[in-house]
Amino acid sequence: MTETTAGTKIAPNRLLALWSSVIGKKVVMAATGAVLILYVLLHMVGNLKIFSGPVEINAYSHFLREVGWPELGYGQLLWIVRSVLFLCVILHITAALQLTSINRQARPVGYGVKKNVETTWGALTMRWGGVLLAIFIVFHLFHLTAGMVGFQPGQFEHLMVYQNVVAAFSLWPVAVFYLIAMCALCLHLDHGIWSGLQTLGCVNIDNTKSLRTVSRIIALIIFAGFISVPISVLAGWVR
Ligand code: HEM
């Protein structure tokens, strides 16, 4: 930061200025959230290929690594996507932590008035649901991407998604953990999509109700799509 003679502080560049402001952090949260929602939606649709059988979903896993060929090498596009996702997750979490700390500093002692129940519930689910989701994502990568946890030695086979998913969810505690995490994801999306739309200035008096419903429907569709997989394995429909 440089200081002018008038005492006002100017950030070295516009991006930094944006990041330094509360609204800038909210915009970063909304933009990175939008990228993450798009990924989650595509991932959910990809997972549904499991209902077409092992050949389809395993071929899809190969496709994800071969896409971009011959311009790009094996798995290169996947690594680009992974890097963008990683950057978005880091920015999303950092902005969330900084906004929470700014909020606390602005209001170290709670107001004497009764808090808005919806706002409190939303903030609580976003904060703790977000923590659960972060734990879930780390576990999930070690589990179904790397096969380092949740499998017997030699049971996980790289690119054999169908067999790996069936083996994974045949253990009910693992399936239950995924179901709980998907509830957290649903609540996070329900509130997050709505907040993002507000930050980006899409909400006005006329469309408040319909955009609230749209956020809820998107969250429920993603929830239903994801939970259908562990539930189908537990029920023996996918085996
Ligand atoms: C029941 C829910 C889910 C199931 C059954 C599932 C299944 C899978 C499977 C089988 C893979 C490995 C794919 C492969 O190696 O080709 C995978 C990877 C991954 N999943 Fe999920 N997933 C679920 C939920 C989620 C959620 C909610 C997120 C994000 C919030 C997520 C993020 C990821 C990521 C980042 C990868 C790594 C992709 C890569 O770079 O290879 N998954 N998932």
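Predicted model only: the values in this text are computed from it and were never measured. One-based numbering, in listed order, for ligands and for the atoms of each.
Among protein heavy atoms, the minimum distance from atom 26 (C) of ligand 1 is reached at Phe136 CE2, 3.6 Å. Nearest to atom 16 (O) of ligand 1 among the protein's heavy atoms is Ser61 OG, 2.7 Å. Here the heavy atom of the protein found nearest to atom 29 (C) of ligand 1 is Val40 CG2, 4.0 Å. For atom 34 (C) of ligand 1, the closest heavy atom belonging to the protein is Tyr39 OH, 3.2 Å. Remark: minimum distance from atom 1 (C) of ligand 1 to any protein heavy atom is reached at Phe226 O, 3.3 Å. For atom 13 (C) of ligand 1, the closest heavy atom belonging to the protein is Val161 CG2, 4.2 Å.
Those atoms of ligand 1 that come under 4.0 Å of a heavy atom in Leu185, given as number and element, are 27 (C). Of all the atoms in ligand 1, the ones that sit under 4.0 Å from a non-hydrogen atom of Tyr178 are 1 (C), 2 (C). For ligand 1, the atoms lying closer than 4.0 Å to a non-hydrogen atom of Phe169 are 5 (C). Close contacts of ligand 1 with Arg82, meaning ligand atoms under 4.0 Å from a residue heavy atom, involve 39 (C), 40 (O), 41 (O). Those atoms of ligand 1 with a heavy atom of Val165 less than 4.0 angstrom away are 10 (C). Here is the list of ligand 1 atoms found below 4.0 Å of a heavy atom in Met182: 27 (C).
Nearest heavy-atom pair across Glu157 and Asn164 is O-ND2, 2.7 Å. Minimum interatomic distance between Met44 and Gly225 (heavy atoms only, all atoms of both residues): SD-CA, 3.5 Å. Considering every non-hydrogen atom in both Cys186 and Ala219, the closest pair reads O-CB, 3.5 Å.
A distance below 6.0 Å separates the ring centres of Tyr178 and Phe136. In this structure, His43 has its ring center under 6.0 Å from that of Phe226.
Judged by distance alone, the side chain of Lys25 and the main-chain N or O of Trp19 form a donor-acceptor pair under 3.5 Å. Formation of a donor-acceptor pair under 3.5 Å by the Asn13 side chain with backbone atoms of Leu16 is found in this model. Side-chain atoms of Tyr162 come within 3.5 Å of backbone N or O of Arg239 as a donor-acceptor pair.
Contacts between Arg65 and ligand 1, counted as non-hydrogen atom pairs separated by less than 4.0 Å, involve the side chain only. Within the 4.0 Å heavy-atom criterion, neither part of Leu85 lies near ligand 1. Contact annotation for Pro230 and ligand 1: only side-chain heavy atoms (C-beta onward) come within less than 4.0 Å of the ligand. With a 4.0 Å cut-off on non-hydrogen atoms, Leu141 touches ligand 1 through its side chain and not its backbone.
Counting only protein N, O or S atoms closer than 2.8 Å to atom 21 (Fe) of ligand 1 gives 2.
Hydrophobic clustering places Leu48 together with Leu234 (ILVMFWY residues linked when any side-chain heavy atoms are closer than 4.5 Å, directly or through intermediates). Under the 4.5 Å side-chain heavy-atom criterion for Ile, Leu, Val, Met, Phe, Trp and Tyr, Ile193 and Leu200 are members of distinct hydrophobic clusters. Linking Ile, Leu, Val, Met, Phe, Trp and Tyr residues whenever their side-chain heavy atoms come within less than 4.5 Å places Phe177 and Met148 in a single cluster.
For the 3.5 Å distance criterion, the side chains of Thr100 and Arg104 fail to qualify, holding no donor opposite an acceptor. In the model, Gln163 has a side-chain atom that pairs as donor or acceptor with a side-chain atom of Asn58 under 3.5 Å.
No more than 12 heavy atoms of other residues, nucleotides or ligands shown are found within 6.0 angstrom of CZ on Phe142.
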